[in-house]
Amino acid sequence: MKPMRKFLLTAGVVALIAASCTSSDTLDDPPPSTVAAPTGASAAGTTPAPEFPAGLDWLNVERPLDLETLQGKVVLLDFWTYGCINCIHIIPDLKRLEAEFGDDLVVIGVHSAKFANEGETDNIREIIQRYDLRHPVVNDVNFEVWDSWGARAWPTVALIDPAGNAVGVHAGEGVYEVVQPVIANLIAEFSATGGIDSTPLPVRLEQDQSPNTVLSYPGKIHADPSSDRIFIADTGHHQIIAATDDGTVTAVFGSGVEGFDDGIGTEASFSSPQGLVVDGNLLYVADTNNHAIRQIDLGTGSVMTLAGTGDMGWPPTGGPLDEVELNSPWALELADNHLYVANAGTHQVWTIDLAESTAVPSVGSGAEGTSNGPLLEAALAQPSGLVLSPDGVLYFADSESSSIRSAEISSSVGETDLVAGGVANLFEFGDEDGIGTEARFQHPLGIDWHEDRLLVADTYNSKIKSVDPSTKESSTLFGAEQGWRDGNDPLFSEPGGLSADNDILWVADTNNHAIRRIDLTTGIASTVVLSGLDSFLFIQGDESFRGMVITLATVSAGEGSADILLDVVIPDGYKVNDEATSSLLLADDGIVASFPDGERVDLTGTTFPVVIPFDLHEGLGMVTADLSLVWCRQDAEGLCLFEQTRFEIPLNVSASGPSASIRLSLELETPDF
């Protein structure tokens with residue numbers, strides 16, 4: 001069944017339609033729908049919208065909002081929970097509406113958490129930054145706003161007119177097509193009477209309060225023992241990083257700007273990539289938000305699209321790779337020229353036949369649920385991690401059912417089965433070791449095989465667990481409360497991916513923006529320091545430079561020797577990392593400056609200030625100085641922050657001008673974590 005695309009305009013009541021489980025997660029049975037308003041009727045409501053309760057945590061705004069503050073604006077409430085794939089799917093619709101209607105529309109995310117971990121304000125703050133949400137978000141931790149609107153499913157959207165009245169509610173995906181005409185009519189109707197307030201709403205974006213990090217929410221990692229390399233899905237930066245197992249970066253794929261372009265190396269672009277798997281000299285990538293599988297030739301650096309059109313597919317229909325539409329592919333596994341895809345958005349596992357260039361659903365009916373049975377009749381719930389055992393059984397982390405399940409894909413009459421976790425419904429989650437249905441996980445995203453057991457990234461519990469598929473016994477290996485700590489008692493923060501390479505376990509520690517390395521023989525964990533990443537970040541003078549740009553006033557100077565004094569103030573307890581590469585890259589327009597000591601100044605492990613000599617020549621010109629600085633806590637060199645700043649220095653050099661000493665100053669703020 002397709003997602004319902006009907007929006008109820010109401011007279012005196014707020015009505016709800018809950019879409020099918022393909023487009024929403026349902027908390028309980030929705031009430032019956034009411035009749036939509038007749039064609040030509042006013043779009044405005046007549047019943048006052050429920051006020052926001054006091055005492056809730058608000059994010060992305062300077063202070064809590066209320067209906068009085070929102071008078072004169074159309075308000076769209078988005079009821080969501082951040083692990084729900086359907087909620088992720090409507091983010092582009094919300095951004096499209098915000099861009100189209102500007103300050104006449106205010107989107108407010110009402111985060112009503114399914115999982116306990118999702119109810120923590122700090123975790124919501126992380127997800128806001130991960131998905132680049134720039135509208136207000138309120139933590140509806142006790143479902144007060146949810147209940148006041150009669151919501152029953154994630155996602156649900158509701159509209160409030162500029163007079164503060166409730167207009168209607170829609171549950172499920174397909175949000176833009178449903179609400180856009182209603183919003184347009186409301187704005188037109190209230191504009192005619194001067195009832196629209198186009199004043200921008202004061203915001204305080206969470207991403208503006210956080211420092212840059214070397215990695216941004218890395219989702220998955222894949223270790224390739226044949227080449228001693230690791231491949232990292234740097235999800236928040238929309239890039240793939242290749243590095244040696246000591247952390248030396250050897251290649252970067254993707255420009256760092258979200259997009260869907262093939263090309264060589266950083267000419268290509270991705271959108272929130274996740275799963276990775278290597279086949280010889282080819283790296284396959286689950287390009288999640290592009291709903292595509294990408295293929296990277298590691299020899300040439302060429303990135304091409306293997307499967308998917310860029311459109312999100314529904315209903316799930318197989319076909320040729322250049323025509324098939326996938327839906328949020330999240331994880332990959334490979335065997336015998338078959339690429340298995342965790343197609344999280346349709347709650348299925350798909351198989352790509354690399355020889356035949358086709359893709360088809362192979363596990364899951366497309367309905368979201370926990371029922372096991374024949375492969376194409378079983379109901380999965382957002383599978384997000386895949387691994388094949390040596391005997392050919394496919395195991396998957398079924399994130400929304402918080403369970404570990406299996407599929408006998410090698411058999412024509414194969415079935416799915418529960419290994420550990422809940423099976424009765426989608427709300428059997430927790431943190432319990434045990435056997436089979438006694439065990440509890442909380443939204444696991446990663447899984448791999450080591451010796452005779454499964455290793456699981458129990459993401460929302462911030463733990464690494466072990467599951468014995470023969471006995472179905474689950475036990476905690478590493479982790480406790482959410483946090484960061486190396487050593488023999490490590491802590492993690494929502495790890496999303498892992499990869500076992502002999503006795504080394506690599507972990508994508510997502511909310512710590514880090515890659516962790518665990519020696520499985522000793523149990524000692526360390527944080528990987530990536531070195532050499534700066535040389536791949538940008539090209540001198542590139543218009544796509546994404547760091548801060550500081551332009552100085554024009555400097556008048558004389559010909560001859562000069563110097564730059566670079567002074568970066570680093571907070572107490574922090575330092576420039578001794579291992580990761582930091583640098584200052586100098587360039588001019590070829591007229592006024594030359595650099596006898598070279599255009600690249602190594603700043604790795606340096607202390608400031610640093611003096612850099614250069615020579616000036618008569619004329620008018622511009623010198624740019626691009627700073628790439630990796631800095632970290634003195635007691636935790638693996639927790640790295642990244643500063644990327646471009647200084648632009650206009651110069652007027654004459655034969656008789658004064659000698660020049662140009663000061664470049666920057667003060668870094670103490671991170672809020």
Can you name the nearest heavy-atom pair linking [X] to [Y], along with the distance?
X	Y	result
Pro218	Asp509	CG-O, 4.3 Å
Leu498	Val456	CD2-C, 3.7 Å
Tyr217	Gln129	OH-CB, 3.5 Å
Ala286	Leu332	N-CD1, 3.6 Å
Trp631	Pro571	CZ3-CD, 3.7 Å
Val387	Asp448	CG2-OD1, 3.3 Å

Atom pair [atom1]/[atom2] of [X] and [Y] - distance to nearest 0.5 Å:
X	Y	atom1	atom2	result
Trp484	Arg633	CH2	CZ	5.5 Å
Leu354	Asp279	CG	CG	7.5 Å
Glu206	Ile127	CD	CD1	13.0 Å
Leu491	Phe478	CG	CZ	12.5 Å
Lys220	Leu276	NZ	CG	9.5 Å
Leu616	Ser594	CG	OG	8.0 Å

Scan side-chain atoms only and decide if [X] and [Y] contain a donor-acceptor pair under the 3.5 Å cut-off.
X	Y	answer
Glu559	His617	no
Asn652	Thr554	no
Ser462	Glu481	no

Counting distance only, does the side-chain N/O of [X] pair as donor-acceptor with the main-chain N or O of [Y] below 3.5 Å?
X	Y	value
Ser269	Asp261	yes
Asp287	Ser271	yes
Glu126	Asp122	no
Arg485	Asp489	yes
Asp588	Met622	no
Asp503	Leu520	no
Thr459	Glu494	no
Asn290	Ala292	no
Ser582	Val630	yes
Thr510	Pro495	no

Salt bridge check: are [X] and [Y] linked by an N-O gap of less than 4.0 Å?
X	Y	result
Arg229	Asp245	no
Asp486	Arg516	yes
Lys463	Asp458	no
Asp208	Arg204	no
Arg134	Asp132	yes

Heavy-atom side-chain proximity of [X] to [Y] below 4.5 angstrom:
X	Y	value
Ile230	Thr244	no
Leu133	Ile91	yes
Trp506	Ile518	no
Thr604	Asp578	no
Leu59	Thr121	yes
Leu201	Asp103	no
Ile649	Ile662	yes
Tyr284	Leu339	yes

- Task: Evaluate side chain to side chain donor-acceptor pair (under 3.5 Å) for Glu118 paired with Tyr460, printing each intermediate quantity in order.
- Result: CA-CA 8 Å; Glu118 293 175 333; Tyr460 286 0; 3.1 Å; yes

- Message: Assess the residue pair Thr607 and Lys575 against the criterion (side-chain contact (heavy atoms from CB on, under 4.5 Å)); give the C-alpha distance rounded to whole Å, side-chain angles, the decisive distance to 0.1 Å, and a yes or no.
- Response: CA-CA 8 Å; Thr607 56; Lys575 66 174 185 177; over 6 Å; no

- Message: Between Gln482 and Ser493, is the side chain to side chain donor-acceptor pair (under 3.5 Å) condition met? List the steps.
- Response: CA-CA 5 Å; Gln482 190 171 345; Ser493 183; 2.9 Å; yes

- Message: Can you tell me which residue among Val252, Val285, Thr235 is in a side chain to side chain contact (heavy atoms under 4.5 Å, CB included) with Ile240?
- Response: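 It is Val285, the one option of Val252, Val285, Thr235 that forms the side chain to side chain contact (heavy atoms under 4.5 Å, CB included) with Ile240.
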
- Task: Please name all residues satisfying side chain to side chain contact (heavy atoms under 4.5 Å, CB included) with Asp262, sequence neighbours left out, ordered by chain then number.
- Result: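 Asp262 satisfies side chain to side chain contact (heavy atoms under 4.5 Å, CB included) with Arg294, Met304, Thr305 once adjacent residues are dropped.
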
- Note on the structure: Contacts of Arg600 meeting side chain to side chain contact (heavy atoms under 4.5 Å, CB included) (sequence neighbours excluded), chain-then-number -> Asp534, Thr581, Ser583, Leu585, Asp602

- Query: Would Phe231 and Phe253 count as a close aromatic pair, with their ring centres under 6.0 Å?
  - Reply: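 Between Phe231 and Phe253, the centre distance exceeds or equals 6.0 Å.
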
- Item | Worked check of side-chain contact (heavy atoms from CB on, under 4.5 Å) between Tyr82 and Ile128 | CA-CA 9 Å; Tyr82 71 72; Ile128 285 172; over 6 Å; no

- Candidate pair His513 and Ser216, rule side chain to side chain donor-acceptor pair (under 3.5 Å), full reasoning: CA-CA 5 Å; His513 311 287; Ser216 177; 4.8 Å; no

- Note on the structure: Contacts of Asp297 meeting side-chain hydrogen bond (donor to acceptor under 3.5 Å, both in side chains) (sequence neighbours excluded), chain-then-number -> none

- Go through the steps for Asn117 and Asn123 under the test side chain to side chain donor-acceptor pair (under 3.5 Å), then give the verdict. CA-CA 7 Å; Asn117 191 68; Asn123 292 337; 3.2 Å; yes

- Message: Run Val137 and Trp80 through side-chain contact (heavy atoms from CB on, under 4.5 Å) and show every step you take.
- Response: CA-CA 10 Å; Val137 174; Trp80 65 301; 4.1 Å; yes

- Chi angles and distances behind the side-chain contact (heavy atoms from CB on, under 4.5 Å) call for Val549, Thr551: CA-CA 6 Å; Val549 177; Thr551 303; 4.1 Å; yes

- In this structure, are over 12 heavy atoms from other groups packed under 6.0 Å from Glu669 atom CD?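 No, not enclosed.
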
